[in-house]
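Per chain, numbering begins at 1; letters A, B, ... match sequence-line order.
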Number of protein chains: 2
Amino acid sequence: MEAFFHQYLQFSRTFTKKINEHIADLDLYQSQWSIVYYLQKNKTATLVEISNYFQVEKPTITRTVNRLEDRQLIEKVASADKRERRIQLTEKGLDVYDQASAVIDAFEKQLVEEIPKDDLEITFRTIQRLLFKINKEESV
Amino acid sequence: MEAFFHQYLQFSRTFTKKINEHIADLDLYQSQWSIVYYLQKNKTATLVEISNYFQVEKPTITRTVNRLEDRQLIEKVASADKRERRIQLTEKGLDVYDQASAVIDAFEKQLVEEIPKDDLEITFRTIQRLLFKINKEESV
DNA sequence: TGAAAATTAGTTACCTAGGTAACTATATAT
DNA sequence: ATATATAGTTACCTAGGTAACTAATTTTCA
């Protein structure tokens with residue numbers, strides 16, 4: 001168990017890299033994909049909502065969203081609160097979602113197909129517990 | 001299980017962030033730490049050895065090693081092969097290792113202490129299987 | 001055997017993604 | 001009316017990647 005976290009990060013890097021390779025045709029990156037995915041599920045969102053969901057800091061979200069906007073995959077939605085930047089997928093964004101979704105679903109399915117359901121369940125719950133625990137850590 | 005990989009990456013980000021916070025006093029980052037750790041275990045190493053071990057590309061290793069060298073935590077070791085850059089920890093590097101090691105060990109131990117050994121074992125083996133599988137993926 | 005070809009180690013330049021600190025503008029609370 | 005909180009941005013740090021390169025070593029084979 002010595003190398004638990006080492007191995008954990010190893011898979012994380014490799015997974016992200018492979019996802020990036022799989023959607024490179026679409027000129028998309030994993031983190032961009034995750035926002036596209038979120039928007040498809042939630043219709044509209046503010047940057048703070050996205051930031052909270054992924055637990056990624058706001059400046060990072062701002063930048064990635066800007067890239068999606070430059071590529072016209074997302075667009076602004078009117079909002080009562082003038083501070084807010086509420087966004088949604090464009091037609092083009094939805095199209096990219098469909099294409100990326102197919103590729104990524106297949107990739108992920110194939111990745112776990114030989115692993116017993118029970119083991120995946122336990123792994124999922126264990127990571128969930130680790131996440132819960134680490135989020136209770138007082139910030140330094 | 002829908003959110004398996006989403007949650008996986010979430011913990012990865014948060015874990016790295018927390019490690020960074022814990023060793024910020026030492027002016028160290030997680031990825032720098034991992035190389036310091038490797039060098040303490042293996043005495044000397046070339047950049048390719050480090051790159052292979054972490055499955056991180058050579059340019060990334062070059063840069064991180066340069067930063068460690070700038071801070072005089074590592075130094076060059078003579079090598080027969082003139083292409084190689086073989087390195088080891090300096091006295092200062094060993095000192096930083098000792099300090100970081102204590103902090104990180106405690107942090108990691110506390111993170112897993114409430115999780116049953118069996119669950120950790122299964123999680124470890126499952127990630128190992130995922131890693132094995134993903135590394136068999138033909139490159140795109 | 002010795003020149004040419006292929007491989008290996010490392011670097012440079014440049015891309016995206018994570019972070020923090022400090023800021024502006026708007027909305028909310030006092 | 002003022003103070004505080006919230007949403008987002010800008011500037012700048014480290015870390016991951018790829019592509020293309022140099023220099024040194026190893027392999028090939030005429």
> Which nucleotide of DNA chain C is the first, and which the last, in the 5' to 3' direction, to come under 4.0 Å of a heavy atom belonging to chain A?
Replying inline: C:dT16 to C:dA27
> Hey, which of these two, A:S31 or A:K82, hits DNA chain C nearer its 5' end, going by closest nucleotide?
Replying inline: A:S31
>> If the condition is side chain to side chain donor-acceptor pair (under 3.5 Å), which residues does B:D95 pass it with, not counting sequence neighbours?
In response: B:Q99
> Within the structure shown, what part of the strands sits under 4.0 Å from B:A80 by heavy-atom distance: base, sugar-phosphate, or nothing?
Replying inline: sugar-phosphate
> Near DNA chain C, under 4.0 Å by heavy atom, which residues of residues 47-66 of chain A?
Replying inline: A:Q55, A:V56, A:E57, A:P59, A:T60, A:R63, A:T64
> Could you give the CZ-to-C1' distance, from B:R83 to D:dA24, as a whole number of Å?
Replying inline: 5 Å
> Hey, which of these two, A:D81 or A:R67, hits DNA chain C nearer its 5' end, going by closest nucleotide?
Replying inline: A:R67
>> Applying a 4.0 Å non-hydrogen cut-off, can you work out what A:T16 is touching in the nucleic acid: base, sugar-phosphate, or nothing?
In response: nothing
> How close or far is atom C1' of D:dG8 from atom CZ of A:R85, stated in whole angstroms?
Replying inline: 8 Å
Kindly list each side-chain donor-acceptor pair under 3.5 angstrom involving residues 26-36 of chain B, sequence neighbours excluded, with atom names and distances?
| from | atom 1 | to | atom 2 | distance (Å) |
| --- | --- | --- | --- | --- |
| B:Q32 | OE1 | B:Y29 | N | 3.4 |
| B:S34 | OG | B:S31 | O | 2.7 |

>> What contact category does A:Q30 fall into here, base, sugar-phosphate, or nothing, at under 4.0 angstrom with non-hydrogen atoms?
In response: nothing
> Who pairs with B:E114 by side chain to side chain donor-acceptor pair (under 3.5 Å), at least two apart in sequence or on another chain?
Replying inline: A:K133
> Got a sec, which hydrophobics cluster with B:I122, joining ILVMFWY side chains under 4.5 Å apart, including via others?
Replying inline: A:I122
>> Tell me which pairs pass ring-ring contact (aromatic ring centres under 6.0 Å, His included) where either residue lies in residues 64-88 of chain A, with sequence neighbours left out.
In response: none
Under 3.5 Å, sequence neighbours excluded: what are the donor-acceptor pairs made by side chains of residues 53-61 of chain A?
| from | atom 1 | to | atom 2 | distance (Å) |
| --- | --- | --- | --- | --- |
| A:Q55 | OE1 | B:Q10 | NE2 | 3.0 |
| A:Q55 | NE2 | A:N135 | OD1 | 3.2 |
| A:E57 | OE2 | B:K17 | NZ | 2.7 |

>> Holding to side chain to side chain donor-acceptor pair (under 3.5 Å), I want the full list of residues that pass it with B:R83, two or more places apart in sequence or in another chain.
In response: B:D81
>> Suppose we call two aromatic rings close when their centres sit under 6.0 Å apart. Are A:F124 and B:Y8 close by that rule?
In response: no
